[in-house]
**Student:** 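Structure below; questions to follow.
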Amino acid sequence: MNFKLYKRLTALSCAALLLSLWIFGTYLRTHGQQPTATQPRDPKAWGGNHVGKPIPDFVHGDECLFCHRNTIGAHWQENAHGVTLRQLEDAGKLRDLLKQPELASVAKDIEYFLGSRNHIRFLKKEGFGKFAILNTRVVLDDSGKVINWIEKDQPTWDKEKFGNNCAGCHATGVDTKTKTFAAFGLDCYVCHGDVNLEHSNDTKLMILSKKRHDESELITSICAQCHLREGKSNSTGLPYPNTYIAGDNLFQDFNVDFAKADDEKLNRIDRHIYRNVREVAVQGKTSPTCLSCHQVHFDSRAQSYAKHIIAPRGPICFDCHASESDMKSLKPYEKTSKVCEY
Ligand code: HEC
Ligand code: HEC
Ligand code: HEC
Ligand code: HEC
Ligand code: HEC
Ligand code: HEC
């Protein structure tokens, strides 16, 4: 045999062997190795919860960012979670919205904006850990241009709504008895929990650190505490969880109708979330999780796109895509939510 060709073939088969090992490894990692991995189970069965317990005195984001300013800090003010609720002075261009003549009677009281992309609400402080919310709201297109105003004619403040209906998913550390929050907006605590500062020596102490390899059901509970809209807390009846701390099992107190994953009328975003949570929490699958397709920090949109096209193929793909043979066509997406009033 031609020696050069022989060398090339050997190199090729080595490459092929390495590639198949890598594919097999990836398969094992993404599909899990336990034979129990796809057995249906009781979503409440694992772990514990903090239902009705006091909010811990957690380490706040300013302190985290003191040490993590160059990596996480560099992008936090562009992250949808970091900006979902902001003070007037941090709201940039959105402040121009207050020049609307119809808002003249209330504009001077508006202190905070809720929503960072297509739907914006206006808030003001209403005592410790509370906000009043304005009925008037605005719809923006993806470039930030106003496309609609709703209830603009009679702007009125509602003192109870934010605490009763919104706080648990748009603020941090909500005490469900008083409906007051410990910090406005979403702090690191909502996903990383009650952080032990010893983690700087041993990152295994940190939920969601690289070294920990958190269980799929644990990761899913963290994201589902807010992203499973239309669930209800059994203990309070509120539309958000009762004292959920990252690491807890959400489903011990949060009641969700998983059949919504099969509801063709639900928009594709809420639907893929319902399906993925059901796959993990009820059907016992270990993959994919939210993090197989999404990366919360660092340019989350571009990363989400890149990660999702190589995720294991399954029914979740067709919550958004038309069919296996036509991955270019997407199902229509109407951005609506009863819970968030848009
Ligand atoms: C169960 C948790 C939960 C509750 C309760 C909740 N929200 Fe939301 N909200 C979310 C999530 C999750 C998103 C992001 C959804 C997405 O992008 O698909 C969101 C997004 C928003 C947005 C931004 C949408 C955009 O396109 O910019 C606004 C505004 C909003 N919610 C307002 C409210 C208001 C007002 C209330 C109370 C009446 C409320 N939400 C209650 C979880 C919640
Ligand atoms: C919405 C949930 C969420 C919030 C809020 C959040 N994180 Fe994270 N964080 C994650 C997830 C998920 C990961 C794992 C890697 C990823 O997906 O980006 C992570 C990873 C990290 C990492 C490790 C980075 C790496 O290279 O893997 C650090 C450090 C971190 N977060 C710090 C923070 C700090 C500081 C805050 C508050 C300013 C914060 N996080 C808020 C979800 C969150
Ligand atoms: C006194 C400094 C300090 C403070 C305060 C601090 N961290 Fe860290 N953190 C570190 C160091 C050092 C490491 C290990 C090296 C690294 O990965 O940056 C680390 C690691 C991490 C990791 C794991 C990164 C990985 O490798 O996966 C996460 C997540 C994290 N920190 C989040 C937080 C959050 C959230 C807070 C606030 C609640 C916080 N940290 C507060 C210093 C700090
Ligand atoms: C405490 C509530 C809360 C938790 C916990 C939470 N989110 Fe969110 N998430 C939100 C809200 C609110 C928004 C919309 C913010 C806005 O636009 O105003 C959002 C937006 C998003 C978006 C769209 C933003 C973008 O830039 O594309 C993604 C993707 C997302 N979250 C994924 C996750 C994942 C993955 C987790 C779990 C690691 C998680 N979230 C945990 C409340 C939460
Ligand atoms: C198989 C991959 C995959 C999984 C698993 C997945 N997502 Fe998504 N998700 C996507 C893709 C792709 C998009 C972008 C869709 C679009 O733009 O229409 C998206 C969009 C979103 C959005 C809306 C972003 C926006 O711009 O409004 C949110 C919020 C979200 N996902 C949260 C989650 C959460 C929470 C989980 C876990 C329960 C999850 N996703 C699991 C692929 C996935
Ligand atoms: C939440 C919605 C959502 C889910 C779930 C989802 N996708 Fe996508 N996918 C999108 C969007 C949005 C695009 C971008 C389409 C565009 O830019 O025209 C896309 C693009 C793609 C593309 C590129 C198509 C092309 O040829 O241009 C592939 C391949 C793909 N997705 C595969 C998958 C696979 C595999 C899954 C399941 C593991 C999946 N997607 C799940 C929303 C989703």
Side-chain angles (χ1 to χ4, degrees), residues 30 56 58-73 76 80-81 84 115-119 142 169 172 183 187-214 216-217 219-229 246 250 256 261 267-281 285 287-297 300-324 326-335 337 340:
T30 53
F58 60 90
V59 178
H60 285 245
D62 305 345
E63 213 176 314
C64 312
L65 289 178
F66 184 76
C67 296
H68 292 288
R69 62 187 170 278
N70 294 331
T71 49
I72 305 298
W76 191 239
H81 297 98
T84 185
S116 74
R117 292 163 297 156
N118 303 111
H119 299 270
D142 288 336
C169 307
T172 303
D187 209 323
C188 322
Y189 167 85
V190 300
C191 292
H192 291 287
D194 189 9
V195 167
N196 179 342
L197 287 179
E198 286 298 312
H199 78 272
S200 59
N201 299 316
D202 179 6
T203 57
K204 274 217 186 81
L205 295 171
M206 268 306 302
I207 287 187
L208 298 173
S209 73
K210 289 193 204 76
K211 271 218 193 112
R212 247 171 92 111
H213 304 296
D214 286 305
S216 302
E217 63 265 32
I219 295 168
T220 302
S221 261
I222 294 176
C223 310
Q225 69 174 294
C226 302
H227 283 281
L228 270 187
R229 292 184 289 189
L250 176 71
V256 181
N267 73 69
R268 68 179 194 230
I269 297 299
D270 286 298
R271 212 167 152 211
H272 90 293
I273 294 174
Y274 266 93
R275 180 181 311 281
N276 187 220
V277 176
R278 183 172 70 177
E279 286 172 346
V280 174
K285 290 194 186 161
S287 166
T289 69
C290 314
L291 300 187
S292 313
C293 300
H294 296 288
Q295 186 167 14
V296 169
H297 300 290
S300 64
R301 287 208 168 191
Q303 295 283 359
S304 296
Y305 183 78
K307 283 178 99 172
H308 105 275
I309 58 176
I310 54 164
R313 224 164 253 227
I316 192 171
C317 309
F318 309 106
D319 284 337
C320 300
H321 292 278
S323 70
E324 185 91 49
D326 182 9
M327 294 298 277
K328 278 203 192 321
S329 307
L330 291 166
K331 293 188 173 162
Y333 173 21
E334 231 186 290
K335 200 168 178 179
S337 165
C340 297

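As the structure lists them, so they are numbered: ligands from 1, and atoms in each ligand from 1. FYI, side chains are in, hydrogens and waters are out, and symmetry mates aren't considered; it's all heavy atoms of this structure.
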**Student:** Could you tell me, atom by atom, which parts of ligand 3 come under 4.0 Å of a heavy atom of Val59?
**Tutor:** 37 (C), 38 (C)
**Student:** So, Asp326 versus Ser323: side-chain donor-acceptor pair below 3.5 Å or not?
**Tutor:** no
**Student:** What I want to check is whether the side chains of Lys335 and Asn118 have a donor and an acceptor closer together than 3.5 Å.
**Tutor:** yes
**Student:** What atoms of ligand 3 come closer than 4.0 angstrom to any heavy atom of His192?
**Tutor:** 29 (C), 35 (C)
**Student:** What is the distance from atom CD of Gln225 to atom OG1 of Thr220, rounded to the nearest 0.5 Å?
**Tutor:** 12.0 Å
**Student:** For the residue pair His60 and Phe58, is the inter-centroid distance of their aromatic rings smaller than 6.0 Å?
**Tutor:** yes
**Student:** Start with the C-alpha distance between Val195 and Ile207, add both sets of side-chain angles, then the distance that settles side chain to side chain contact (heavy atoms under 4.5 Å, CB included), and finish with yes or no.
**Tutor:** CA-CA 8 Å; Val195 167; Ile207 287 187; over 6 Å; no
**Student:** Angle class for the Trp76/His297 ring planes (parallel below 30°, perpendicular above 60°, tilted otherwise)?
**Tutor:** tilted
**Student:** Which ligand 5 atoms does His227 reach within 4.0 Å, using its non-hydrogen atoms?
**Tutor:** 29 (C), 35 (C)
**Student:** Which residues and atoms, counting only protein N, O or S, are under 2.8 Å from atom 8 (Fe) of ligand 3?
**Tutor:** His68 NE2, His199 NE2
**Student:** Below 4.0 angstrom from a heavy atom of Arg117, which ligand 5 atoms are there? Numbered from 1 as shown, please.
**Tutor:** 25 (C), 26 (O), 27 (O)
**Student:** I'd like a table of the close N/O pairs between ligand 6 and the protein (anything under 3.5 Å), one pair per line with both atom names and the distance.
**Tutor:**
{"residue": "ligand 6", "atom": "7 (N)", "partner": "His308", "partner atom": "NE2", "Å": "2.9"}
{"residue": "ligand 6", "atom": "7 (N)", "partner": "His321", "partner atom": "NE2", "Å": "2.8"}
{"residue": "ligand 6", "atom": "9 (N)", "partner": "His308", "partner atom": "NE2", "Å": "2.8"}
{"residue": "ligand 6", "atom": "9 (N)", "partner": "His321", "partner atom": "NE2", "Å": "2.8"}
{"residue": "ligand 6", "atom": "26 (O)", "partner": "Lys328", "partner atom": "NZ", "Å": "3.1"}
{"residue": "ligand 6", "atom": "31 (N)", "partner": "His308", "partner atom": "NE2", "Å": "2.7"}
{"residue": "ligand 6", "atom": "31 (N)", "partner": "His321", "partner atom": "NE2", "Å": "2.8"}
{"residue": "ligand 6", "atom": "40 (N)", "partner": "His308", "partner atom": "NE2", "Å": "2.8"}
{"residue": "ligand 6", "atom": "40 (N)", "partner": "His321", "partner atom": "NE2", "Å": "2.8"}

**Student:** With a cut-off of 4.0 Å, which atoms of ligand 3 are near a heavy atom of Ser209?
**Tutor:** 23 (C), 27 (O)
**Student:** Testing the basics here: between Ser209 and Thr203, what is the closest heavy-atom pair and its distance to 0.1 Å?
**Tutor:** OG-O, 2.8 Å
**Student:** What atoms of ligand 5 come within less than 4.0 Å of a heavy atom belonging to Val277?
**Tutor:** 38 (C)
**Student:** What's the verdict on side chain to side chain contact (heavy atoms under 4.5 Å, CB included) for Cys290 and Asn276, showing C-alpha distance, side-chain angles and the deciding distance?
**Tutor:** CA-CA 7 Å; Cys290 314; Asn276 187 220; 4.1 Å; yes
**Student:** Does the distance from a Lys or Arg side-chain N to an Asp or Glu carboxylate O, for Glu334 and Arg268, drop under 4.0 Å?
**Tutor:** no
**Student:** Once you round to the nearest 0.5 Å, how far does CZ of Arg229 lie from OG of Ser337?
**Tutor:** 3.5 Å
**Student:** Under 4.0 Å between a side-chain nitrogen and a carboxylate oxygen: does that hold for Asp214 and Arg212?
**Tutor:** yes
**Student:** Identify, by atom number and element, the atoms of ligand 3 in contact range of Glu63, meaning under 4.0 Å from any of its heavy atoms.
**Tutor:** 5 (C)
**Student:** Is a salt bridge present between Arg275 and Asp319, judged by a nitrogen-to-oxygen distance below 4.0 Å?
**Tutor:** yes
**Student:** Counting from 1, what ligand 3 atoms have a heavy atom of Cys188 closer than 4.0 Å?
**Tutor:** 35 (C)
**Student:** Taking N or O atoms only and a 3.5 Å limit, does Lys210 qualify as a polar contact for ligand 3?
**Tutor:** yes
**Student:** Quick check for you: to the nearest 0.5 Å, what is the distance between Lys285 atom NZ and Ser216 atom OG?
**Tutor:** 12.0 Å
**Student:** Taking the six-membered ring for Trp, are Tyr305 and His308 closer than 6.0 Å centroid to centroid?
**Tutor:** yes
**Student:** Side chain, backbone, both or neither: which applies to Thr220 and ligand 5 if a contact is any heavy-atom pair less than 4.0 Å apart?
**Tutor:** neither
